[in-house]
Amino acid sequence: MNNNKNMLQIDLLIFPELETERLKLRRLEQSDVNTVFALRSNPEIMKYIPVPLTQSIEEAEAYIRSIDERMENKECVNWAITLKDSGVMIGTIGFYRMKLEHYRAEAGYMILPQFNGKGYVTEALNAIIEYGFSTMKLHSLEALIDPANIGSMKVLEKCGFEKEAHFKEHLFFNGQFLDSAIYSKLNK
């Protein structure tokens, strides 16, 4: 734990539930395990995310536990994206890496394919940007994406992120080197 006096201090004792016009962003619960498994085991969803596919419900449960532990350690904040009218979980979004000493966090998200193209991710991302900048007092946000992920690039640009870098063969995954595009947004 970094006890740097200049480090950004955040309080997650009361989980920040966020609401938008159509969505409610709430804490991920163990009861969400089937949706988490559906997201993280789907090759279409995971195509641009360089982590192994989740193989079992047990792995999905362990993932939810790891998110809770990382939140306790103030390493991340993660929300389940749910439809406000039905409560159905359609994806996840969050600040997956937080560099509080730099007042910076990395945003990431995934959504079930049947909910693509409806503006839900843009709506959820705008909500966490607002929370990150106004409540958490972050100075900047970043997103690291596969340059081939045009959908994600469009979401980031709609939300005011700018492309900052393109790293060639930046990550090694599944026996190959992958490029990364870095997008960022400053709290201005």
**Request:** Check whether any side-chain heavy atom of Gln30 lies under 4.5 Å from a side-chain heavy atom of Glu61, and answer yes or no.
**Result:** yes
**Fill in**
Note: Ala38 and Ile45 closest approach over all heavy atoms is O-CD1, 4.1 Å
**Asked** So which pairs with a foot in residues 127-149 pass salt bridge (charged side-chain N to carboxylate O under 4.0 Å, His left out), sequence neighbours left out?
**Response** Lys99-Glu142, Arg104-Glu142
**Asked** What's the verdict on salt bridge (Lys or Arg N to Asp or Glu O under 4.0 Å) for Arg22 and Glu123, showing C-alpha distance, side-chain angles and the deciding distance?
**Response** CA-CA 8 Å; Arg22 301 178 294 167; Glu123 199 172 312; 2.7 Å; yes
**For Arg65, side chain to side chain donor-acceptor pair (under 3.5 Å) partners two or more places apart** = none
**Prompt:** What residues, two or more places apart in sequence or in another chain, satisfy side chain to side chain donor-acceptor pair (under 3.5 Å) together with Asp179?
**Reply:** His166
**Fill in**
All heavy atoms of Ile64 vs all of Leu28, minimum pair found to be CG1-CD2, 4.0 Å
**Message:** Are Met110 and Phe173 linked, directly or through intermediate hydrophobic residues, by side-chain heavy-atom contacts shorter than 4.5 Å (ILVMFWY only)?
**Reply:** no
**Request:** Find out if a path of hydrophobic residues (ILVMFWY) with successive side-chain heavy-atom gaps under 4.5 Å connects Leu125 to Ile145.
**Result:** yes
**Item:** Within 6.0 angstrom of Lys118 NZ, more than 12 heavy atoms from elsewhere
**Value:** yes
**Item:** same_hphob_cluster(Phe167, Met153) at 4.5 Å side-chain heavy-atom cutoff
**Value:** no
**Fill in**
Here the gap from Cys76 atom SG to Tyr96 atom OH, rounded to the nearest 0.5 Å, amounts to 8.0 Å
**Sub-4.5 Å side-chain heavy-atom contact between Ser140 and Asn187** = no
**Request:** Would you please classify the geometry between the Phe172 ring and the Phe177 ring as parallel, tilted or perpendicular, with 30° and 60° separating the classes?
**Result:** tilted
**Asked** Between the main-chain N or O of Ala124 and the side-chain N or O of Trp79, is there a donor-acceptor pair closer than 3.5 Å?
**Response** no
**Fill in**
Rounded to the nearest 0.5 Å, the OH atom of Tyr183 sits from the CG atom of Leu141 at a distance of 15.5 Å
**Prompt:** Taking C-beta and beyond as the side chain, do Met98 and Val77 meet within less than 4.5 Å on heavy atoms?
**Reply:** yes
**Student check: side-chain heavy atoms of Lys185 and Glu162 closer than 4.5 Å** = no
**Message:** Let me confirm one number: the CG-OG1 distance from Leu112 to Thr35, rounded to the nearest 0.5 Å.
**Reply:** 6.5 Å
**Request:** Evaluate the side-chain proximity of Ile111 to Ile81: yes if any heavy-atom separation is below 4.5 Å, no if none is.
**Result:** no
**Message:** Quiz question: by atom type and distance under 3.5 Å, do the side chains of Ser152 and Tyr109 form a donor-acceptor pair?
**Reply:** yes
**Flag side-chain contact, heavy atom, 4.5 Å: Lys47 against Asn149** = no
**Item:** Pairwise distance CG(Asn34) to CG(Leu39) - rounded to 0.5 angstrom
**Value:** 11.0 Å
**Message:** Tell me every residue that passes side chain to side chain donor-acceptor pair (under 3.5 Å) with Asp32, counting only those two or more places apart in sequence or in another chain.
**Reply:** Arg26
**Request:** Could you state whether Leu186 and Phe95 fall into the same hydrophobic cluster, counting links through intermediate Ile, Leu, Val, Met, Phe, Trp or Tyr residues with side-chain heavy atoms under 4.5 angstrom apart?
**Result:** no
**Asked** Residues two or more places apart in sequence or in another chain: which of them pass side chain to side chain donor-acceptor pair (under 3.5 Å) with Glu164?
**Response** Ser184
**Request:** Measure from the side-chain N and O atoms of Thr54 to the backbone N and O of Ser56, and report whether any donor-acceptor pair falls under 3.5 Å.
**Result:** no
**Item:** Min side-chain heavy-atom separation Leu25-Tyr131 under 4.5 Å
**Value:** no
**Request:** With the side chain counted from C-beta on, respond yes when Met89 and Val36 share a heavy-atom pair under 4.5 Å apart, and no when they do not.
**Result:** yes
**Item:** All pairs passing ring pair (Phe, Tyr, Trp, His ring centres under 6.0 Å) where residues 28-78 contributes a residue, at least two apart
**Value:** none
**Prompt:** Atom CD1 of Ile57 and atom OG of Ser41: how far apart are they, to the nearest 0.5 Å?
**Reply:** 8.0 Å
**Message:** Would you compute the distance between atom CG of Asn78 and atom CD1 of Ile128 and round it to the nearest 0.5 angstrom?
**Reply:** 9.0 Å
**Request:** Verify the cluster assignment for Ile182 and Leu171: are they in a single hydrophobic cluster under the rule of side-chain heavy atoms below 4.5 Å apart?
**Result:** yes
**Single hit among Leu18, Ile90, Asp85 for side chain to side chain contact (heavy atoms under 4.5 Å, CB included) with Leu23** = Ile90
**Item:** Short side-chain to backbone donor-acceptor contact, Glu75 and Met71, under 3.5 Å
**Value:** no
**Message:** Do the side chains of Glu17 and Lys24 get close enough for a salt bridge, i.e. N-O under 4.0 angstrom?
**Reply:** yes
**Request:** Please say whether more than 12 non-hydrogen atoms of neighbouring residues, nucleotides or ligands are located less than 6.0 Å from NZ in Lys84.
**Result:** yes
